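Let me begin by presenting the structure, written as structure tokens, before commenting on it.
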Amino acid sequence: MRKISMLAGTALAAFAVCAAPAVAQPILGGPWSGFYLGGNLGGAFHPNDLSYADLSGSQDLLFHSRDEGSRFIGGVHGGYDWQMGDVLIGVEADADFAKDIDYLTTVRGRLGIPAGPFLVYGTAGGAWEGAHEHFDVDSASGGLSRFSRSISPSGWTAGGGVETFVMPAVSVGVEGLYYDLGSDTHALTTPASAGGEDFAVKDDRNFAVVRARLTYHFGF
């Protein structure tokens with residue numbers, strides 16, 4: 001009888017364990033988890049903001065930048081995301097190119113909230129650029145002088161975006177990033193044939209980029 005009672009108790013305990021509601025566990029992985037690679041295309045808004053100071057004795061210099069406007073920009077991006085339930089963390093790198101921008105690269109962290117096929121995220125990290133500047137200096141005594149120079153500033157970027165799946169392994173989205181690549185001032189002189197007059201150029205590399213994204217997600 002005691003043996004039967006023990007067996008019955010064991011069976012009842014096993015039934016109770018099986019019938020008890022499962023304790024919710026965090027879900028590791030999800031549709032956004034894994035490696036991804038894609039392309040992007042958009043606009044860079046006034047990436048070359050120059051200001052000038054006439055340091056010459058005659059104070060007769062006039063300045064004109066040849067590349068201050070906004071321009072199309074595009075490139076590639078790739079990274080890895082970890083989806084943990086309702087939170088996504090990831091890391092992304094990109095490289096973009098435009099007129100007079102040899103490269104604009106970033107390495108950023110991503111923090112997002114997946115909601116079905118959608119992902120809303122913020123992002124921030126380091127930024128590096130290689131670019132060319134073109135400007136003219138006109139002197140009443142020496143005529144027009146043309147200047148071109150290369151720069152390679154670095155700084156930070158931050159922004160955010162939204163993406164959605166349009167196919168099982170393909171997502172599209174839009175992203176906005178603000179770049180702060182610092183500022184510097186350079187003292188220059190017009191050629192001797194143009195009077196050898198001194199001036200200073202201040203360069204502010206602070207601008208915004210808005211771009212559309214097309215991304216392929218591996219592992220589907």
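Position 1 is the first residue of the sequence; numbering continues from there. Predicted model only: the values in this text are computed from it and were never measured. The basis for the numbers below is simple: all heavy atoms, side chains too, and nothing from hydrogens, waters or symmetry mates.
- Hydrophobic clustering (ILVMFWY, side-chain heavy atoms < 4.5 Å, transitive): Met167 and Phe118 are in distinct clusters.
- Taking the side chain as every heavy atom from C-beta outward, His64 and Asp138 never approach each other to under 4.5 Å.
- Atom CG of residue Leu41 and atom CZ of residue Arg211 lie 10.5 Å apart, to the nearest 0.5 angstrom.
- A salt bridge links Glu163 with Arg110: the distance from a Lys NZ or Arg NE/NH1/NH2 to an Asp or Glu carboxylate oxygen falls below 4.0 Å.
- A donor-acceptor contact shorter than 3.5 Å is absent between the side chain of Thr189 and the backbone of Asp198.
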- Carefully, step by step, assess Phe135 and Leu188 under the rule side-chain contact (heavy atoms from CB on, under 4.5 Å). CA-CA 12 Å; Phe135 51 91; Leu188 300 171; 3.8 Å; yes
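- Taking each heavy atom of Asn206 and Gly182 in turn, the nearest pair found is OD1-N, 3.7 Å.
- Of the charged side-chain nitrogens involved, none lies within less than 4.0 Å of a carboxylate oxygen, so that Asp94 and Arg213 do not count as a salt-bridged pair.
- Aromatic ring centres of Phe207 and Tyr179: separated by under 6.0 Å.
- Aromatic ring centres of Phe165 and Trp32 lie closer together than 6.0 Å.
- Interatomic distance, Glu129 CD to Asp102 CG, rounded to the nearest 0.5 Å: 9.0 Å.
- Here the CG-OG distance, from Asp136 to Ser148, works out to 8.5 Å after rounding to the nearest 0.5 Å.
- Hydrophobic clustering (ILVMFWY, side-chain heavy atoms < 4.5 Å, transitive): Tyr103 and Val76 are in distinct clusters.
- Atoms CG and CG, from Leu181 and Leu104 in turn, are 7.0 Å apart once rounded to the nearest 0.5 Å.
- Counting only heavy atoms from C-beta outward, the side chains of His186 and Asp203 never approach each other to under 4.5 Å.
- With values rounded to the nearest 0.5 angstrom, Tyr80 atom OH is found 6.5 Å from Ser33 atom OG.
- Between Ser145 and Pro191, the shortest heavy-atom contact is OG-CD, 3.4 Å.
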- Could you walk me through whether Val209 and Ile73 pass the side-chain contact (heavy atoms from CB on, under 4.5 Å) check? CA-CA 8 Å; Val209 169; Ile73 190 168; 4.0 Å; yes
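- Judged purely by atom type and a 3.5 angstrom limit, Arg108 has no side-chain atom pairing as donor or acceptor with the backbone of Ala158.
- Placement of Val166 and Val174 in two distinct hydrophobic clusters is found when ILVMFWY residues are connected by side-chain heavy-atom separations under 4.5 Å, directly or transitively.
- Counting heavy atoms from C-beta on, the side chains of Asp96 and Asn40 come closer than 4.5 Å.
- Ser65 and Asn48 get closest at one heavy-atom pair: OG-ND2, 4.0 Å.
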- Task: Run the numbers on Glu197 and Val137 for side-chain contact (heavy atoms from CB on, under 4.5 Å), then give the verdict.
- Result: CA-CA 10 Å; Glu197 299 187 69; Val137 179; over 6 Å; no
- Task: Could you walk me through whether Thr123 and Glu92 pass the side-chain hydrogen bond (donor to acceptor under 3.5 Å, both in side chains) test, one step at a time?
- Result: CA-CA 9 Å; Thr123 181; Glu92 179 174 295; over 6 Å; no
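- Side-chain contact between Val87 and Leu111: present, with at least one pair of heavy atoms (C-beta onward) separated by less than 4.5 Å.
- Between Leu62 atom CG and Ser139 atom OG the span is 8.5 Å, to the nearest 0.5 Å.
- When all heavy atoms of Gly90 and Asp81 are compared, the closest pair comes out as CA-OD1, 3.3 Å.
- Considering only heavy atoms from C-beta on, Gln83 stays 4.5 Å or farther from Leu119 through its side chain.
- The minimum heavy-atom distance between Asp204 and Ser183, with the atom names listed, is OD1-CB, 2.9 Å.
- Taking the six-membered ring where tryptophan is involved, the planes of Trp156 and Tyr178 are tilted, since the angle between them lies from 30° to 60°.
- Under a hydrophobic clustering in which Ile, Leu, Val, Met, Phe, Trp and Tyr are joined whenever their side-chain heavy atoms come within less than 4.5 Å, directly or via other members, Val162 and Val210 fall into the same cluster.
- Both Leu37 and Phe35 sit in one connected hydrophobic cluster of ILVMFWY residues. Membership requires side-chain heavy atoms under 4.5 Å apart, directly or through other members.
- For the pair Asp54 (side chain) and Leu61 (backbone), a donor-acceptor distance under 3.5 Å is present.
- Counting heavy-atom neighbours within 6.0 Å of Ile113 CD1, excluding the residue itself, gives a total of 12 or less.
- Contact check for Arg149 versus Val201: side-chain heavy atoms found under the 4.5 Å cut-off.
- In this structure, Glu175 and Tyr121 have side chains that are in contact, with non-hydrogen atoms separated by less than 4.5 Å.
- Taking the six-membered ring where the residue is Trp, His217 and Tyr36 present tilted rings, their angle falling between 30° and 60°.
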